[in-house]
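See structure below.
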Amino acid sequence: MNGEIFIEGTIENIVYTNPENGYSVIDLSYEGSLVTVVGIMPSCCVGEKLKVKGQWTKHPSFGTQFKAEACERSMPKSAGDMLRYLSSGTVKGIGPKMAQKIVERFGENTFDVLENHPHELAEIKGISMDKAMEMSEKFRSQFAVREVIIALERVGMNSSECLSAYKAYGTAAPERITENPYILCTDKIGMRFERADEIAASFPGEVKSIFRQRAGILHILRHNLRNGHTCLPRGKIIMPAMELLGIDHDDVQTVIDDLIEDKEIIEDFLDDKSYLFLPYEYYDEKSIADRIKVMLRFPPAEGRTLDKDIEKIEEQKGIKFEEKQKQAIKTAVTKGLLVLTGGPGTGKTTTLNGILELFEKKKLRVLLAAPTGRAAMRMSEVTGRQAKTIHRLLESEWGEGDRQIFARNIENPLEADAVIVDELSMVDTHLFAALLNALPLGCRLVMVGDSDQLPPVGAGNVLHDIIESELLPTVCLTQVFRQALESLIVTNAHSIVKGDYPDLSRNDKDFFFMHRGDVYSAAETICELYSKRLPKAYGYDPMTHIQIICPSRKGVTGTVSLNAELQRILNPPDKDKEELVRQVKIFREGDKVMQIKNNYDIIWTKGKEVSSGIFNGDIGRIIAINHNASFMKIDFDGRIALYPFENVPELELAYAVTVHKSQGSEFEAVIMPVCSVIPQLSYRNLLYTAVTRAKSRLILVGTQSQINAMVDNDKKTRRYSFLKHLLTRE
């Protein structure tokens, strides 16, 4: 490869290492001087020889560094390197003095003695036979990890891949991967099929074709899982499999049948048509259907809600419920199960608060939850009660093989008489199955959402399928209240969802349209609105009040380009501001950033409160970058998080975010580019979702024809799921 640079030397010092992901900062002796090398280099030890492939980089604070992309290692061979290796404390029980005694006695045979002849160690004064055996065991254990990684690096795997393989298969990893490299793209490791193909191609021997064929078909199912499908019609898999694997129709059918027989694929039928599932997706949907049927068979103790109870709430709160709101409140209390839907301004929050009042009046233990941190925060604000993310409610933790498990489950249910979940449209199949499994028998469940919003990022379409099944009591609020009708955001949102074009002619309220005929002028206007015009006109802080929401990451008006430009305008390089460079990402003190993956281990403080967990969709601001400690300090809405450098791949700049990432959030002002949107993203409920994120101001920048095209396109991307069928099947 052009531009590849290799350096080779001995590890003199390990500045920092993360045992979980292998990220390390080391000092390497290279051509007579010490070089700082950073990157994924798991299980490194002082004294080890490293050959590193990568690039020279210039760090603003620490000068020249070598950024490792891959490395090959070899164990120390000289007595001096062995002494450094053992003196570093790598082998527990052997310190510098003991290391010197051992190496003085055995020289270059030291490692052979430690591994194969530990009884000879007992000849050294101060080492008992028990101590010798313990040293040998510790050495062999440490040596085994290193040997596995060295063996896997020889077949072309990078350090991060080696560490994942070792965690999944232990010392058997080289043997198993040599026999079948396609185990690398199972769920245990999660490597891309194409990458496993590259590694297989580098093997000297031929890999059995059946391994590749089975892995390829499972890859097609997994790929479509990422597109939101929980299953695929069997017929939809045949052609992609033939193209990917270069085999004929009958061979594909045979491989699928073998996978079904081995239970690596589940097959079920609807109207005599075969559907194929990855097992965990099938069992998640079946679990949801089974639990809902149990909840219907064993409802909570029936509560009585008299009209006078509702009238009392109206009197206390100075409100008047409309008939559907009353119906929802009564259903939640008497039936115990309710799906509550409705668009903006239809009174979902008022209804929800009415339900809460009556639940608490009956002294029920009520828990509130939402799928994201920002959605949970918003739920807390509108109800005046604590709400948690569903993951936090279920006490999510990581089990063996980095698999997510929930401490709250069918054997350890939640301590609750009622659970209310907001933003259900965002909840995927796996998370909803886990939530239902954690509900005690007889627990009430109120599910709130807007079925016209985008489906979840994960697989499934839970809210849509439950409503379509007509199995659960569902109340859809449709009346837009008079106060809400004064908002053009609300009235235009309802127009969009009905397929009518929004009113773009008025600029006297909260919904504005600015015509820009091309993406370059649109991008320029968006940046000006964000950085100057809106802050000047309304006193908004761009970091907290304004959010750019884009249909796409790509293009001139996509998040990547706009974030780079706004970082340049609002937070340019400054000698007084530290920055962190990771691949193509640059983070600088003062930057607005978003967490793009749930992370339950990041510690944060808020006043005297100390806790952990930063969640997908949380937006914050970098307030400090500390290169010495390899940490950033980020303010997430008042929670000051200590953010390790190795977690930086979980961050993105957030001056602009995608519509999908904005779900569950609400912002004072939203700016949205509507210009040359790619066809796959030019559809009605994406526009509707973006519009309904705005609280006080919405500005669309682009062309009316693009807005009209999005409104006209109600062809929601088809999601294959089986939940509705499982709910309605006897």
Side-chain angles (χ1 to χ4, degrees), residues 288 291-292 295-296 299-303 305 309-310 313 317 321 324-342 346-395 406 408 413-428 431-451 453 456 462-463 466-467 472-477 615 663-664 666:
I288 291 170
R291 288 292 290 174
I292 285 176
M295 292 168 77
L296 288 169
E302 189 164 318
T305 304
D309 294 326
I310 295 176
I313 295 173
K317 302 293 181 184
F321 294 114
K324 281 194 174 180
Q325 290 180 305
K326 291 179 182 177
Q327 179 192 345
I329 294 168
K330 290 179 181 179
T331 302
V333 177
T334 58
K335 302 290 186 188
L337 285 168
L338 171 68
V339 178
L340 177 64
T341 72
T346 57
K348 287 201 305 290
T349 297
T350 306
T351 309
L352 180 57
N353 281 325
I355 292 168
L356 273 167
E357 289 283 337
L358 285 178
F359 278 176
E360 290 173 353
K361 182 183 176 185
K362 293 177 181 297
K363 296 189 169 25
L364 300 181
R365 295 169 299 173
V366 184
L367 296 175
L368 307 183
T372 67
R374 290 186 76 86
M377 192 182 303
R378 207 170 119 214
M379 195 181 188
S380 295
E381 289 168 358
V382 300
T383 62
R385 297 158 177 91
Q386 184 190 31
K388 298 181 178 180
T389 65
I390 300 173
H391 287 86
R392 177 69 75 193
L393 187 74
L394 299 179
E395 298 173 25
F406 298 100
R408 293 293 182 172
L414 294 164
E415 294 166 9
D417 303 307
V419 172
I420 301 175
V421 184
D422 198 10
E423 298 285 358
L424 190 68
S425 64
M426 296 176 64
V427 179
D428 62 33
L431 188 57
F432 193 62
L435 175 65
L436 292 186
N437 274 329
L439 298 183
L441 206 58
C443 182
R444 287 170 166 77
L445 177 63
V446 176
M447 296 159 278
V448 185
D450 185 344
S451 56
Q453 285 189 26
V462 171
L463 178 60
I466 288 175
I467 292 171
L472 293 182
T474 300
V475 176
C476 181
L477 303 177
F615 305 108
Q663 279 182 276
E666 192 175 61

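Along the sequence shown, residues carry numbers from 1.
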### Query
Could you go step by step and tell me if L436 and M295 meet the side-chain contact (heavy atoms from CB on, under 4.5 Å) rule?
CA-CA 9 Å; L436 292 186; M295 292 168 77; 4.2 Å; yes
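- Under the salt bridge (Lys or Arg N to Asp or Glu O under 4.0 Å) criterion, E381 pairs with no residue, sequence neighbours left out.
- Residues satisfying the side chain to side chain contact (heavy atoms under 4.5 Å, CB included) criterion with L296, sequence neighbours excluded, are I292, L337, L471, L472.
- Among residue pairs with one or both ends in residues 370-380, those qualifying as salt bridge (Lys or Arg N to Asp or Glu O under 4.0 Å) are R374-D637, R378-E423, R378-E666; sequence neighbours excluded.
- Within the 4.5 Å cutoff, the side chain of C476 has heavy atoms near those of the T341 side chain.
- Residues V462 and D428 have side chains not in contact (no heavy-atom distance under 4.5 Å, counting atoms from C-beta outward).
- Using a 4.5 Å heavy-atom threshold, the side chains of K330 and I310 count as touching.
- In this structure, I420 and M379 have side chains that are in contact, with non-hydrogen atoms separated by less than 4.5 Å.
- Taking the side chain to side chain contact (heavy atoms under 4.5 Å, CB included) definition, one finds that R365 meets it with E415, D417, sequence neighbours left out.
- Within the structure, salt bridge (Lys or Arg N to Asp or Glu O under 4.0 Å) contacts touching residues 349-360 (residues at least two apart or in different chains) are K317-E357, E357-R385, E360-R385.
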### Task
Please test N437 against F406 for side-chain contact (heavy atoms from CB on, under 4.5 Å), starting from the C-alpha separation and ending with a verdict.
CA-CA 10 Å; N437 274 329; F406 298 100; over 6 Å; no
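- Residues T383 and N353 form a side-chain contact, since some pair of their non-hydrogen atoms from C-beta on lies under 4.5 Å apart.
- Here K348 pairs with nothing under the salt bridge (Lys or Arg N to Asp or Glu O under 4.0 Å) rule; sequence neighbours left out.
- With hydrogens and angles disregarded, no donor-acceptor distance shorter than 3.5 Å links the side chain of R444 to the backbone of F359.
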